[in-house]
Amino acid sequence: MKKTILILSSYEPFLPSLPPIHTLSLDEPDKEEVLGWKEGDPFPLRKAQVIALWNGQSHILSIDLDKGRVTAHEIHHGSGYPTVSMNDLTVAIQVALSYKESNDSVVQKGVSLSDLSCITPSPGWYGPEEEGRRVIKVQCYSGQDTPNYYMRPIEGITVTVDIDKREVVKFSNIGRGIPVPKADNTEYRYKGQEHRPLKMKPVKPISIEQPEGPSFSIEDDHIVKWANWEFHLKADQRAGMVISRVKVSDPETGIPRSVMYKGFVSELFVPYMDPDEGWYFQVIYGCRHAYYMDGIFVSSNGKPFVQPNMICVFERYAGDISWRHSEIPAFGYAIREARPKVALVTRMAASVGNYDYIFDWNFKLMVSLSGMLMMKGTVHQNTDHISSQEEMTGPLVSQNVIGVVHDHFVTYHLDMDFDDTNNTFIKVNFVKKETLPGTSPRKSYLKDLRETAKTEKDAQIKLKLYEPSEFHVTNPSRRSRNRGIENKDISMVQNGVPSRTMPRRFPCNANCVIKF
């Protein structure tokens with residue numbers, strides 16, 4: 001990382017000063033080159049990729065770290081800009097807090113400027129008047145007498161800031177007459193509940209121990225080995241946790257077999273369903289033995305920083321059963337066996353605005369959701385004040401606050417390689433079949449119809465609640481004893497499809513599970 005910045009500091013087109021760096025990462029070799037590499041072969045050229053913003057344009061550079069020079073430099077002329085940096089967000093909030101008209105409106109609502117907590121809900125432009133500019137909207141809350149300022153929105157005040165020009169381009173105040181919700185009963189922390197004990201029996205502590213230590217090991221800081229599984233784990237500045245080169249050793253032969261080339265969360269989409277001036281743009285794009293992995297990233301000024309304990313690896317046992325069976329002793333003996341379910345978990349928690357997303361990989365991809373609701377202020381204090389439900393964009397959850405209806409969509413990039421790259425996507429639809437008259441006492445049954453996708457359009461899925469389906473990724477070139485097709489697949493419980501020729505992307509909403 002330091003070497004990359006040193007090379008860019010002397011790069012003539014950027015002299016005399018280094019432009020703001022938005023992304024700096026290793027430029028990975030092509031997949032074919034990686035799969036063809038064997039231990040003992042020379043390493044591919046070490047390259048870095050940099051995305052910088054310079055003179056209002058997005059610059060994409062490739063840097064040869066061995067030769068110490070820039071080998072490719074492209075200016076992006078299409079739509080969009082680089083990822084918004086923490087420095088950009090800080091600038092936007094500072095500009096908004098120095099805008100007099102906004103400050104006057106806040107004071108008129110009875111809020112002290114020293115109690116303001118401001119956020120930047122969603123970057124990007126909406127409408128032709130904002131197009132082609134790096135703009136972001138700023139909204140504020142009152143943090144007076146509460147640790148949860150999301151419960152005290154200063155409704156209707158929105159400041160749109162041009163980040164590059166560091167100026168306000170639009171001010172909106174449609175919240176006149178909407179009070180700032182009270183701070184009563186907004187304390188959610190345990191220590192804040194001591195003055196009002198709850199009428200419930202406390203849960204006693206539970207302890208899970210591993211007296212012989214963990215069953216997993218970490219080699220070269222990134223290679224995780226557990227049971228017959230092995231994979232590479234790293235932290236990425238944009239994707240967060242990236243798992244790649246997943247292999248499982250055949251229990252009969254001991255030969256490693258590929259499962260997945262690479263997997264990570266590629267997109268997060270949280271649309272709020274409210275067309276109001278201050279809401280239409282609300283879209284968020286975000287005692288056990290454990291091993292913690294740091295993330296090393298770069299700030300906009302090119303200096304590296306460490307995100308400590310970003311990823312955690314641990315074994316989990318929650319009392320679940322992996323397998324069990326018992327037989328009725330009809331012949332004088334009984335068979336009873338139960339095997340505990342122990343899972344290796346790699347976890348990353350990401351705070352995105354008011355929500356906290358917990359991403360767990362244990363070869364069941366699970367997304368859990370925690371955090372705070374983002375509230376909308378309203379004049380209504382109770383449901384009796386609501387004259388028509390048509391005006392509501394969500395339930396009234398407390399006095400003067402509405403929980404706006406929204407959803408959470410998480411898109412996974414899953415590049416599956418079962419045994420090799422020759423994989424096929426199969427849609428399995430369960431359809432009702434009626435029996436022929438006189439053939440069976442049953443009138444109907446479910447039958448699975450398997451359809452192999454030959455094109456990306458064939459693989460497009462639209463789930464229907466009353467038409468159950470499964471989705472499989474198989475390797476048609478591998479045979480098993482009984483099916484003719486290798487008995488390894490991926491079954492999904494949410495919509496999303498992979499492609500045979502392009503990286504697979506699986507969208508699912510919060511708390512979805514993708515089972516391997």
Exercise. Walk me through it: do Arg133 and Glu130 pass the test side-chain contact (heavy atoms from CB on, under 4.5 Å)?
Key: CA-CA 6 Å; Arg133 310 168 74 172; Glu130 296 181 357; 5.5 Å; no
Practice problem: Please check if the side chain of His222 supplies one atom and the backbone of Leu233 the other of a donor-acceptor pair under 3.5 Å. | Solution: yes
Quiz item: Once you round to the nearest 0.5 Å, how far does CG of Asp407 lie from OH of Tyr272?
Solution: 10.5 Å
Exercise. With sequence neighbours excluded, tell me which residues meet side-chain contact (heavy atoms from CB on, under 4.5 Å) with Glu131.
Key: Trp125
Self-check item: Non-hydrogen side-chain atoms of Ser117 and Tyr150 separated by less than 4.5 Å
Solution: no
Quiz item: With no hydrogens and no angle check, is any side-chain donor or acceptor of Glu155 less than 3.5 Å from a backbone partner on Gly377?
Solution: yes
Practice problem: For the residue pair Val91 and Arg166, establish whether any side-chain heavy-atom pair is separated by less than 4.5 Å. | Solution: yes
Practice problem: Kindly determine whether Met374 and Ile119 satisfy side-chain contact (heavy atoms from CB on, under 4.5 Å), including the steps that lead there. | Solution: CA-CA 11 Å; Met374 183 176 288; Ile119 64 171; 3.9 Å; yes
Quiz item: Just by distance, do the side chain of Asp356 and the backbone of Ser351 share a donor-acceptor pair under 3.5 Å?
Solution: no
Quiz item: Any sub-3.5 Å donor-acceptor pair from Ser98's side-chain atoms to Val95's backbone N or O?
Solution: yes
Self-check item: Sequence neighbours excluded - salt bridge (charged side-chain N to carboxylate O under 4.0 Å, His left out) pairs with any residue from residues 97-120
Solution: Lys100-Asp104
Quiz item: Taking side chain as C-beta onward, heavy atoms only, is Ile157 less than 4.5 Å from Ser102?
Solution: yes
Quiz prompt | For Asn429 against Ser469, the heavy-atom pair lying closest together | solution = OD1-CB, 3.4 Å
Quiz prompt | Flag for Ser215-Glu315: side-chain donor and acceptor within less than 3.5 Å | solution = yes
Practice problem: Please step through salt bridge (charged side-chain N to carboxylate O under 4.0 Å, His left out) for the pair Arg238 and Glu267, ending with a clear verdict. | Solution: CA-CA 10 Å; Arg238 177 165 180 168; Glu267 185 179 41; over 6 Å; no
Practice problem: Please check if the side chain of His22 supplies one atom and the backbone of Thr83 the other of a donor-acceptor pair under 3.5 Å. | Solution: yes
Quiz item: Is any side-chain heavy atom of Gln49 closer than 4.5 Å to a side-chain heavy atom of Ile60?
Solution: yes
Self-check item: Min side-chain heavy-atom separation Thr474-Ile426 under 4.5 Å
Solution: yes
Exercise. Might you point out which heavy atoms bring Lys182 and Arg152 nearest each other, and give the distance in Å?
Key: C-NE, 3.8 Å
Quiz item: When the ring planes of Tyr412 and Trp361 are compared, do they come out parallel, tilted or perpendicular, using 30° and 60° as the limits?
Solution: perpendicular
Quiz prompt | Distance, nearest 0.5 Å, that separates CG of Asn185 from CD of Glu187 | solution = 10.5 Å
Quiz item: Just wondering, do Leu344 and Asn362 contact through their side chains at under 4.5 Å, heavy atoms?
Solution: no
Self-check item: Distance in Å, His76 NE2 paired with Gln57 CD, rounded so as to fall on 0.5 Å steps
Solution: 11.0 Å
Exercise. Specify the closest pair of heavy atoms between Pro179 and Val379, including all atoms of both residues, with the distance to one decimal.
Key: CD-CA, 4.2 Å
Quiz item: Should Leu89 and Val84 be marked as a side-chain contact (heavy atoms from CB on, under 4.5 Å) after you check the CA-CA gap, both sets of side-chain angles, and the distance that decides it?
Solution: CA-CA 7 Å; Leu89 302 183; Val84 175; 3.4 Å; yes
Quiz item: Distance from Met416 atom CE to His472 atom NE2, nearest 0.5 Å?
Solution: 13.0 Å
Quiz item: Which atom pair, heavy atoms only, marks the closest approach of Val410 to Val265?
Solution: CG1-CG1, 3.6 Å
Practice problem: Mind listing the closest non-hydrogen atom pair of Ala183 and Gln144 along with its distance? | Solution: CB-O, 3.8 Å
Practice problem: Go through the steps to decide whether Asn382 and Gln399 satisfy the test side-chain contact (heavy atoms from CB on, under 4.5 Å), and finish with yes or no. | Solution: CA-CA 6 Å; Asn382 57 63; Gln399 289 184 340; over 6 Å; no
Practice problem: State whether a side-chain donor-acceptor pair under 3.5 Å links Thr146 with Asn148. | Solution: no
Exercise. Could you pull out all residues at least two apart from Lys262 that satisfy side-chain contact (heavy atoms from CB on, under 4.5 Å)?
Key: Glu28, Val242, Ser244, Phe264
Exercise. Give the minimum heavy-atom separation between Asn87 and Ser300, together with the two atoms involved.
Key: CB-OG, 3.5 Å
Quiz item: With distance as the sole test, does Asn400 use its side chain to make a donor-acceptor pair with the main-chain N or O of Thr378 at under 3.5 Å?
Solution: yes
Quiz item: Can you tell me how far the CE atom of Met392 sits from the CD1 atom of Ile386, to the nearest 0.5 Å?
Solution: 3.5 Å
Quiz item: Could you state the interatomic distance from CZ (Phe359) to OG (Ser368), rounded to the nearest 0.5 Å?
Solution: 10.0 Å
Quiz item: Does the ring centre of Tyr355 sit less than 6.0 Å away from the ring centre of His408?
Solution: yes
Quiz prompt | Short side-chain to backbone donor-acceptor contact, Lys427 and Asp458, under 3.5 Å | solution = yes
Quiz item: Does the pair Asp88 and Arg134 meet the rule for a salt bridge (charged side-chain N to carboxylate O under 4.0 Å, His left out), with working shown?
Solution: CA-CA 10 Å; Asp88 291 332; Arg134 289 210 310 147; 3.0 Å; yes
Quiz item: Using 4.0 Å as the upper bound for N to carboxylate O, is an ion pair formed by Glu467 and Lys432?
Solution: no
Quiz prompt | Side-chain donor/acceptor of Tyr149 to backbone N/O of Leu116, under 3.5 Å | solution = no
Quiz item: Please walk me through it: do Asp274 and Lys376 pass salt bridge (charged side-chain N to carboxylate O under 4.0 Å, His left out)?
Solution: CA-CA 10 Å; Asp274 194 317; Lys376 178 182 181 180; 2.8 Å; yes
Quiz prompt | Side-chain (His406) to main-chain (Val404) donor-acceptor, under 3.5 angstrom | solution = yes
Quiz item: Is there a side-chain contact between Pro20 and Asn301, using heavy atoms and a 4.5 Å cut-off?
Solution: no
Quiz item: Restricting to pairs with a member in residues 344-354, which pass salt bridge (charged side-chain N to carboxylate O under 4.0 Å, His left out), not counting sequence neighbours?
Solution: Arg347-Asp360
Quiz prompt | Side-chain heavy-atom pair Val270, Phe409 within 4.5 angstrom cut-off | solution = no
Quiz item: With Ser114, which residues qualify under side-chain contact (heavy atoms from CB on, under 4.5 Å), at least two apart?
Solution: Ser112
Practice problem: Using modelled atom types only, decide if a donor and an acceptor are shared between the side chain of Gln139 and the backbone of Gly278 within a distance under 3.5 Å. | Solution: yes
Quiz item: Sequence neighbours excluded, which residues qualify as side-chain contact (heavy atoms from CB on, under 4.5 Å) partners of Ser398?
Solution: Met151, Val401
